[in-house]
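Okay, so here's the structure we're looking at.
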Amino acid sequence: IFELDNNRKLILQENDKDIKAAKENHLSSSMIDRLILDNKKIDGMIAGMEEIIKLDDPCHKVLAKKLHQNGLTIEKVSVPFGVIAIIYESRPNVTADCAALCLKSNNACVLKGGKEALNSNRVLVSLIQKALIKNKLNENLVYLIQSSDRDITLKLMHSVKEIDLLIPRGSANLINYCLKNSLVPIIETGAGICHLYVDKDFDENIAAKVIINAKTSRPSVCNALETLLIHQDIAEDFIKKLFKELREHNVEIRGDQSVLPYDDDIILSNEYDREYLDLIIGVKVVKNVDEAIKHIHEYSTKHSETIITENRQTYAYFRDNIDAAVIYLNASSRFSDGYEFGLGAEIGISTQKMHARGPMGVNELTTYTYYVKGDGQIR
């Protein structure tokens, strides 16, 4: 924390190099948005580290204990994975988050950021390593791979004896590449085609406020809203008001034929399988909650799904029939975040079901071992 706070100028200078190069290379606006560091984001990294420091040590906890009838004591105890590799794109604040979470959970980490953030990642890791040395710890507990050579990335994914767990953070393309090529066990994170369904029994003010926030507060992140589903019974009046507000926020509205009767200025599209990461939203008018659920089942990445309704029975039905890491009632999906969930930060938002799901903090970076103690028992 001391090193980050006292080297802000250096961090921002190196980040500026990455931003200039990104613009020269015509990277997308969403990629550049993720790349930018400023004092507010440095404050966020420091705040996250301070919260992580306050957390209990997640290792060496007795999770369960049993006394066998023959006198054996069987304990299930949390332990670190060992070495965790994280492959990620753009966002240099991920470097600080991952390093802090891995160190707190007694893991070493190998970081492979994108070439677009190399200068930023390099200076952040150098400061973290400086702090490790000051505390008489091995600086390579946090290690940055600086090469952009894909063969080195592939070698990392094949290092089953050196790497215990691989966590890819980024686009669907990155995650799919890791899934196809990695021999190291993977936890999938990141891809977020997040839906919001507006039920007929809704509060209009809540709906509009939540939709605008979920779509526009930071459209380049994985917990931003991508697809809006609206019950046909309330579509006419609500669409007129909502679309006006969305356009005032410079949101491009796309939708299929179901939306045209209510607004013919939309861009006609049925690409509901796209994660826009931009000021673009897909809209569909549905007959009922069942059609909304069916649509979500078809296109969801199992990240975060939302329903706006005042009907608790409808909410319960939606909740029980949706398969996602996080399910919201009358609130923005932008809260799907490790810091907001009280984890200090996150190493990723898991969209799978094995081991960990949703925002992953220090507890999710442990596995467990059984310690069995006896005095000569045999079977």
Side-chain angles (χ1 to χ4, degrees), residues 1-15 17-18 37 39 41-61 78-88 90-115 117-147 152-153 155-156 159 161-169 184 187 338-339 343-348 360-367:
I1 291 173
F2 175 84
E3 297 297 340
L4 293 182
D5 196 27
N6 284 272
N7 289 279
R8 290 171 181 261
K9 185 176 179 180
L10 176 60
I11 294 169
L12 296 178
Q13 284 176 347
E14 295 303 303
N15 181 245
K17 294 178 185 177
D18 290 329
L37 288 178
N39 276 307
K41 288 186 180 178
I42 294 174
D43 288 340
M45 288 191 284
I46 290 171
M49 287 183 172
E50 288 173 339
E51 290 302 311
I52 291 168
I53 289 169
K54 295 176 187 176
L55 297 174
D56 292 338
D57 186 343
C59 295
H60 316 301
K61 289 183 176 180
S78 60
V79 296
F81 273 100
V83 180
I84 299 175
I86 304 101
I87 301 177
Y88 54 106
S90 200
R91 298 169 62 184
N93 59 297
V94 169
T95 301
D97 291 348
C98 290
L101 288 165
C102 286
L103 290 170
K104 180 68 177 186
S105 54
N106 295 283
N107 293 287
C109 63
V110 177
L111 304 173
K112 176 64 178 72
K115 62 182 179 181
L118 180 58
N119 292 297
S120 304
N121 289 335
R122 185 186 286 146
V123 69
L124 289 170
V125 170
S126 71
L127 294 172
I128 292 166
Q129 290 181 330
K130 185 177 179 181
L132 288 170
I133 292 169
K134 282 184 176 179
N135 286 277
K136 299 181 180 180
L137 294 169
N138 190 321
E139 63 183 297
N140 290 320
L141 286 171
V142 178
Y143 184 83
L144 177 69
I145 294 176
Q146 300 188 29
S147 172
I152 291 178
T153 304
K155 185 176 180 181
L156 177 69
S159 300
K161 292 186 178 180
E162 291 81 22
I163 306 295
D164 297 286
L165 180 67
L166 173 66
I167 302 175
R169 287 190 60 165
V184 175
I187 293 180
Y339 186 82
L343 308 178
E346 78 210 16
I347 206 157
M360 296 172 56
V362 293
N363 290 314
E364 287 72 35
L365 297 183
T366 64
T367 181

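Residue indices begin at 1 and follow the sequence shown.
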Just distance, no hydrogens or angles: give the donor-acceptor pairs under 3.5 Å from side chains in residues 90-105, sequence neighbours left out.
residue : atom : partner : partner atom : Å
S90     : OG   : M31     : O            : 2.9
S90     : OG   : L35     : N            : 3.3
T95     : OG1  : Y88     : OH           : 2.6
T95     : OG1  : P92     : O            : 3.2
T95     : OG1  : N121    : OD1          : 2.6
K104    : NZ   : I53     : O            : 3.1
K104    : NZ   : L55     : O            : 2.7
S105    : OG   : L101    : O            : 2.8
S105    : OG   : C102    : O            : 3.2
S105    : OG   : N107    : ND2          : 2.9

Donor-acceptor pair, distance only, cut-off 3.5 Å: does the side chain of N119 make one with the backbone of K17? no
Over all heavy atoms of both residues, which pair between G344 and Y339 is shortest? Give the atoms and the distance, please. O-CD1, 3.1 Å
Using side-chain contact (heavy atoms from CB on, under 4.5 Å) as the criterion, list what pairs up with E364, not counting sequence neighbours. A356, M360
Kindly compute the distance separating CG (N39) from CG (D5), expressed to the nearest 0.5 Å. 9.0 Å
Check K155 with E162, please: is the shortest side-chain N to carboxylate O separation under 4.0 Å? no
So the side-chain hydrogen bond (donor to acceptor under 3.5 Å, both in side chains) pairs with at least one residue in residues 134-146 (sequence neighbours excluded) are E3-K134, R122-Q146
Taking the side chain from T366 and the backbone from P80, do they hold a donor-acceptor pair closer than 3.5 Å? no
Shortest non-hydrogen contact from I42 toward L4: CG2-O, 4.4 Å
Going by the rule side-chain contact (heavy atoms from CB on, under 4.5 Å), which residues pair with T367 if we only count those two or more places apart in sequence or in a different chain? V79, F81
Which distance, rounded to the nearest 0.5 Å, do you find between the CD1 of I84 and the CD1 of I167? 5.5 Å
Mind checking the CD1-CG spacing from I11 to L37? Nearest 0.5 Å is all I need. 7.5 Å
Tell me every residue that passes side-chain contact (heavy atoms from CB on, under 4.5 Å) with Q13, counting only those two or more places apart in sequence or in another chain. K9, L10
Between OG of S159 and CG of D164, what distance do you get to the nearest 0.5 Å? 11.0 Å
Atom CZ of F2 and atom NZ of K130: how far apart are they, to the nearest 0.5 Å? 8.0 Å
So, taking the atom named CG in N7 and the one named CG in L124, what distance separates them when rounded to the nearest 0.5 Å? 10.0 Å
Return each pair, listed once, that meets side-chain hydrogen bond (donor to acceptor under 3.5 Å, both in side chains) where at least one residue sits in residues 41-58; pairs must be two or more places apart or across chains. R8-D43, E51-K54, D57-N106
